[in-house]
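What's counted below: heavy atoms across the whole structure, side chains too, no hydrogens, waters or symmetry copies.
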Amino acid sequence: MGVEVLHSTVLEVIGSEITAGALPEGSVLTLEQIQQRFAVSRTVARETMRMLEHLGLVTSRRRVGLVVRPAADWMVFDPRVIRWRLAGPGRLAQLRSLTELRAAVEPVAAAAAARHADPGEVDRLLVLVARMRELGEAGRLDEFVVCDIEFHALLLRAGRNEMFAALTGVVAEVLAGRTRHGLMPDRPRPEALDAHDAVADAIRARDPEAAERAMTVITTEIRAALSDLH
């Protein structure tokens, strides 16, 4: 097994344990512990430590080791942190915070896309919503989610706002995570498909207000579905 694969595996395990609370704030790790537990080289252990520090999960202290940091310090927008949190016991709380973020951002991003999307992006959005309807009605959920992720990522980029574009990985991870953890219906609701169509149509028509309203329908439906899980 290559060094990169080993590092990725160790990082996934430790990152998941920290975000799930199995290694709570204040817990201490050392390079030697990582080496012995995973039977990896010091190089792999150091690279894992570097990435954990980059993600804000630990801080290195001389003569102590790696100390787990409070959740408030984590890089919460990093897709890896989101994925680990969605896999842990705090899944619903993470979904709630991500859904609230989407509700605040995506309607405005849809309006921006209606103003700034280029013709190629508009055409791609129309292709995607047609494909999503076909896949959704056929119950081909895995393929549907791939198209849904591309739709929302393209919409965030098409508004020419770098802050919105930086959230594409966040939205992709939450959409994939909802499916991965069985939180999506077997078939998308017709109302949701209609709303996606309406977003694309409004962007094609260069109607920011209509695009914002249609995306608000989507995010409201997601919030309602999440509330039903509590």
Worksheet item: Where do His196 and Asp148 land on the side chain to side chain contact (heavy atoms under 4.5 Å, CB included) test, with the steps shown first?
Response: CA-CA 9 Å; His196 281 78; Asp148 196 22; 3.3 Å; yes

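- Interatomic distance, CD of Glu212 versus CE of Met215, reported as 10.5 Å (0.5 Å rounding).
- Transitive grouping of hydrophobic side chains (ILVMFWY, heavy atoms separated by less than 4.5 Å) keeps Met75 and Leu66 in distinct clusters.
- Classification of Glu53 and Arg69 as a salt-bridged pair fails, no side-chain N sitting under 4.0 Å from a carboxylate O.
- One finds no salt bridge joining Arg80 and Glu173 here, because no Lys/Arg side-chain nitrogen approaches an Asp/Glu carboxylate oxygen to under 4.0 Å.
- Val146 and Leu156 fall into different hydrophobic clusters, where Ile, Leu, Val, Met, Phe, Trp and Tyr side chains are chained together by heavy-atom contacts under 4.5 Å.
- Of all heavy-atom pairs spanning Leu86 and Val174, the tightest one is CD1-CA, 4.2 Å.
- Minimum heavy-atom separation, Leu23 to Ser27: C-OG, 3.6 Å.
- We find that Arg189 and Asp194 are not joined by a salt bridge, their nearest charged nitrogen and carboxylate oxygen being 4.0 Å or further apart.
- Within the 3.5 Å criterion, the main-chain N or O of Phe151 finds no donor-acceptor partner in the side chain of Arg124.
- In this structure the side chain of Phe38 reaches within 4.5 angstrom of the side chain of Ile14, judged on heavy atoms.
- Distance CD1/Ile34 to OG/Ser41: 11.5 Å, rounded to 0.5 Å.
- The heavy-atom pair separating Ala202 from Ala211 by the smallest distance is CB-N, 3.4 Å.
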Fill in: Residues Trp84, Glu17; criterion side chain to side chain donor-acceptor pair (under 3.5 Å); working and verdict
CA-CA 8 Å; Trp84 295 333; Glu17 290 177 346; over 6 Å; no

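- Looking at heavy atoms from C-beta onward, Val13 lies in side-chain contact with Arg37 at the 4.5 angstrom threshold.
- Residues Leu193 and Ile222 share a single hydrophobic cluster, defined by chaining ILVMFWY side chains whose heavy atoms lie under 4.5 Å apart.
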Practice prompt. Dump the intermediate steps for side chain to side chain contact (heavy atoms under 4.5 Å, CB included) on Thr19 and Gln94, then the final yes or no.
Written response: CA-CA 11 Å; Thr19 55; Gln94 171 73 148; over 6 Å; no

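- Judged by distance alone, the side chains of His116 and Asn161 never bring a donor and an acceptor atom under 3.5 Å apart.
- Annotation: side chain of Val171 is not in contact with side chain of Ile149 (no heavy-atom distance under 4.5 Å).
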Discussion item. Val68 vs Leu57, test: side chain to side chain contact (heavy atoms under 4.5 Å, CB included). Steps then yes/no.
Written reply: CA-CA 6 Å; Val68 175; Leu57 300 181; over 6 Å; no

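- Here the CG atom belonging to Asp197 is positioned 4.5 Å from the CZ atom belonging to Arg133, to the nearest 0.5 angstrom.
- Here OG1 of Thr168 is found 11.5 Å from CG of Leu155. Values are rounded to the nearest 0.5 Å.
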Discussion item. Test side chain to side chain contact (heavy atoms under 4.5 Å, CB included) on Val122 and Arg206; report intermediate values, then the result.
Written reply: CA-CA 10 Å; Val122 174; Arg206 303 299 180 182; 4.0 Å; yes

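- A distance-only check finds a donor-acceptor pair linking the side chain of Arg187 to the backbone of Glu137 [under 3.5 Å].
- Taking 4.0 Å as the cut-off between side-chain N and carboxylate O, Glu121 and Arg157 do not count as a salt-bridged pair.
- Put simply, Leu128 and Leu126 are part of the same group of oily side chains (I, L, V, M, F, W, Y) that touch within less than 4.5 Å, one to the next.
- A continuous path of hydrophobic side-chain contacts links Leu175 to Phe77 [ILVMFWY only; heavy atoms under 4.5 Å].
- Between atom OG1 of residue Thr48 and atom CD of residue Gln35 there is a gap of 10.5 Å, rounded to the nearest 0.5 Å.
- Between Asp78 and Arg85, no side-chain nitrogen of the basic residue sits less than 4.0 Å from a carboxylate oxygen of the acidic one, so the salt-bridge criterion is not met.
- A heavy-atom distance below 4.5 Å is found between the side chains of Glu12 and Arg83.
- Across all their heavy atoms, Thr219 and Pro107 have their closest contact at OG1-CG, 4.1 Å.
- No side-chain donor-acceptor contact under 3.5 Å links Thr220 to the backbone of Val217.
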